[in-house]
K.L.:
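Here you go, one structure.
Throughout, a chain's letter reflects where its sequence line sits, starting with A, and its residues are numbered from 1.
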Number of protein chains: 2
Amino acid sequence: MEKDQKLREIKLFAPATVANLSCGYDVLGCCLDNVGDEMLIRKNDKKQIRISKITGQDLPMEADKNVAGVAAKALLTALGESQGFDIEIEKNIKAGSGIGSSAASAAGAVFGINKLLGTPFSNIELIKFAMEGERLASGNAHADNVAPALLGGFSLVKSYNPLEVLSLPNLPELRMLILHPQIELKTKDSRSIIRQNLELQKAINQWGNLAALVSALYTKDYELLGRSLKDEIIEPVRSILIPYFDELKTLSAANGALGFGISGSGPSVFAMCKGDKTAEKLKAEFQEFYADKNIDFDLHLSKINSEGIKVL
Amino acid sequence: MEKDQKLREIKLFAPATVANLSCGYDVLGCCLDNVGDEMLIRKNDKKQIRISKITGQDLPMEADKNVAGVAAKALLTALGESQGFDIEIEKNIKAGSGIGSSAASAAGAVFGINKLLGTPFSNIELIKFAMEGERLASGNAHADNVAPALLGGFSLVKSYNPLEVLSLPNLPELRMLILHPQIELKTKDSRSIIRQNLELQKAINQWGNLAALVSALYTKDYELLGRSLKDEIIEPVRSILIPYFDELKTLSAANGALGFGISGSGPSVFAMCKGDKTAEKLKAEFQEFYADKNIDFDLHLSKINSEGIKVL
């Protein structure tokens, strides 16, 4: 702790995350391993949070309008701490992609500052500060991206009042294939098309699947995990906004993916696969399918990152 | 198997079960250990199912109107089997109590006949036949009582189409205290007061709790299990039909129960406790509280039965 407090700066990998995961709407998320931002956080002697540099994306430099700045301030306020910090962000995750771009910045900022202050908070305690960044980004202080970014693996947001987040087991052979079609889709808009009422029977189906998914993670049952990745509630509405969603889903099933769904509020989609071979094959299929659709897109293939944010 | 086929009769303990368990509405159930019926099933040479004796309750003796008879016939039809059986039932579980009275009879009948025929089906395969008894009893072929009666422990009904049931881990120190206020409450009526639509946010809260409950069973986290036993959807409506529900819930919390809720569709209620001491104390509190309420009642205190139906 004392050693950390003497640190003047820290360099981090802040990972992308996939929230919702079909049946886990608003409560489940997982952490990606090789997709994420780099952040450099440095103590300054100005007693203020400054976003000193952002590369890769055009985002607000004013701390109060930047998710990293807002999250950092929430942490410092809770501590009654006047130490200032400069935050540099090399954004590799595109804003609005649906793989936790704002969460990575918010989680990275609080993680780094916490380290530089001698780790007064556990990672699980940092979630609530990072959520303030999410509130700025989308109007909704959700935890299903910042929690897996901070904790790694799979996170379950059991409840918000009080905030209670559980870490669920990771399955080592899982691979997440992410396709990000570069259309504009704001989290706010994507939330607003969701119906606020639903049929009880659909809710029952959904919680049966989510309960089975949790069981599958504990029993390392990849097939059951796949059979549980269903969503009759959100996906039928939101998938309309995502170009070629149904075709990609069909392609995933035909190529042996365990499941396929919307990442967060989209427009990114994920295919969950067991093992590199299936995932690489499906990546090639996605690449070929999307190549002639006149939509710019990114493809990411990643393990589940059990660690969360990494110090570089 | 050959040995079993030569058996002419079998005597069984068919356990009571608690379905729903707050956040697990329609998908979760658990099996009780010392509350249940006794059944004697015997091959006859009449090529028919006969309910030859029922003691303890006034129930239909005609096989087509008796849940055990209907379940037995569903099993025999699937096998194309013409062997007949006599079924004697000593009912200790009161019909309409909400602790799986019909499920015990249906599950016991198919379990016993399956044994006497040399075990052509696994217990998990027997569920669908026992569900036919539930269809007769309540108009709804639900599995959340017959599954734990047949499998023991905690059962999760992941889906009905196709039928998929998972066994979840048991926690050895769990105790279920059941209070059955002897008011009449038909499953059909108790289902009909449930609203068929609900707010998305309540559904999210419910599936967050159910996912946490499943995690708690795997991690043997009794406290988390308790924090997960919540139900904002069904309990607020159904509890109105149960005399002194709120008072019993308050009493449970004050005496250290992990959780309290409606058993199945009521009128029985359950308090889940850790350890005998807490459970015995709460049993005495329930006894004292209900003693002057001018309502006949039964109190049962039981472990979770990991085995399900037992051959006597």
Side-chain angles (χ1 to χ4, degrees), chain A residues 20-28 140 142-144 154-169 191 194-221 223-225 227-234 237, chain B residues 20-28 140 142-144 154-169 191 194-221 223-225 227-234 237:
Chain A
N20 295 342
L21 293 168
S22 303
C23 56
Y25 181 70
D26 255 16
V27 303
L28 194 65
N140 174 35
H142 62 105
D144 47 352
F154 287 86
S155 297
L156 173 70
V157 186
K158 176 194 178 289
S159 62
Y160 280 93
N161 287 305
L163 180 66
E164 183 167 3
V165 177
L166 309 177
S167 279
L168 303 177
R191 286 193 81 88
I194 302 300
R195 291 185 194 98
Q196 291 309 307
N197 278 278
L198 76 159
E199 290 163 45
L200 178 59
Q201 189 54 56
K202 288 189 177 175
I204 293 167
N205 297 349
Q206 192 97 340
W207 65 58
N209 279 316
L210 179 59
L213 183 149
V214 174
S215 176
L217 291 176
Y218 280 97
T219 56
K220 305 208 180 303
D221 186 337
E223 298 302 318
L224 175 60
L225 181 61
R227 291 196 301 278
S228 306
L229 283 170
K230 290 180 181 165
D231 172 13
E232 297 176 45
I233 299 167
I234 309 300
V237 182
Chain B
N20 296 341
L21 292 167
S22 303
C23 57
Y25 180 70
D26 254 17
V27 302
L28 194 65
N140 174 35
H142 63 105
D144 47 353
F154 287 87
S155 299
L156 173 70
V157 185
K158 176 193 178 290
S159 62
Y160 280 93
N161 287 304
L163 181 65
E164 184 166 2
V165 177
L166 309 178
S167 279
L168 302 177
R191 286 193 83 87
I194 303 300
R195 290 185 195 98
Q196 291 309 306
N197 279 279
L198 76 159
E199 290 163 45
L200 178 60
Q201 189 54 57
K202 288 190 176 174
I204 292 167
N205 297 349
Q206 192 97 341
W207 65 59
N209 279 316
L210 179 59
L213 182 149
V214 174
S215 177
L217 292 177
Y218 281 97
T219 57
K220 306 208 179 302
D221 186 337
E223 297 303 319
L224 175 60
L225 180 61
R227 291 195 301 279
S228 305
L229 283 170
K230 291 180 180 164
D231 173 12
E232 297 176 44
I233 299 168
I234 309 299
V237 182

K.L.:
Got a sec, which residues hit salt bridge (charged side-chain N to carboxylate O under 4.0 Å, His left out) with B/Asp26, two or more places apart in sequence or on another chain?
P.N.:
B/Arg191

K.L.:
So for B/Leu168, is it side chain, backbone, both, or neither that comes closer than 4.5 Å to the heavy atoms of chain A?
P.N.:
side chain

K.L.:
Out of A/Cys23, A/Gly24, A/Ala211, A/Ser228, which one racks up the most heavy-atom pairs below 4.5 Å with chain B?
P.N.:
A/Ala211

K.L.:
Among the options B/Leu217, B/Asn197, B/Ile234, pick out the one with the most heavy-atom pairs lying under 4.5 Å from chain A.
P.N.:
B/Asn197

K.L.:
Where does A/Ile194 contact chain B at under 4.5 Å (heavy atoms): side chain, backbone, both or neither?
P.N.:
side chain

K.L.:
Kindly indicate, with the supporting measurements, whether the criterion side-chain contact (heavy atoms from CB on, under 4.5 Å) is fulfilled by B/Ile204 and A/Val27.
P.N.:
CA-CA 7 Å; B/Ile204 292 167; A/Val27 303; 3.8 Å; yes

K.L.:
Given a strict heavy-atom distance threshold of 4.5 Å, which part of A/Ser215 is in contact with chain B: side chain, backbone, both, or neither?
P.N.:
both

K.L.:
If I measure from the heavy atoms of chain A, does B/Arg227 come under 4.5 Å with its side chain, its backbone, both, or neither?
P.N.:
both

K.L.:
Using the rule given for side-chain contact (heavy atoms from CB on, under 4.5 Å), can you reason through A/Leu21 versus A/Phe154, listing the C-alpha separation, both sets of side-chain angles and the distance that settles it, and then say yes or no?
P.N.:
CA-CA 10 Å; A/Leu21 293 168; A/Phe154 287 86; 3.8 Å; yes

K.L.:
Please, which pairs that meet side-chain hydrogen bond (donor to acceptor under 3.5 Å, both in side chains) have at least one residue in residues 204-214 of chain B, sequence neighbours excluded?
P.N.:
A/Lys158-B/Asn209, B/Gln201-B/Asn205, B/Asn205-B/Glu232, B/Gln206-B/Asp231

K.L.:
Among A/Thr219, A/Val157, A/Leu156, A/Leu213, who wins on heavy-atom pairs under 4.5 Å with chain B?
P.N.:
A/Leu156

K.L.:
Do A/His142 and A/Asn140 pair up side chain to side chain, a donor and an acceptor below 3.5 Å, judged on atom types alone?
P.N.:
no

K.L.:
Supply the atom-to-atom distance B/Glu164 CD to B/Ser159 OG, rounded to the nearest 0.5 angstrom.
P.N.:
5.0 Å

K.L.:
Do you know which of A/Leu28, A/Leu224, A/Leu166, A/Leu198 has the most heavy-atom pairs under 4.5 Å to chain B?
P.N.:
A/Leu198

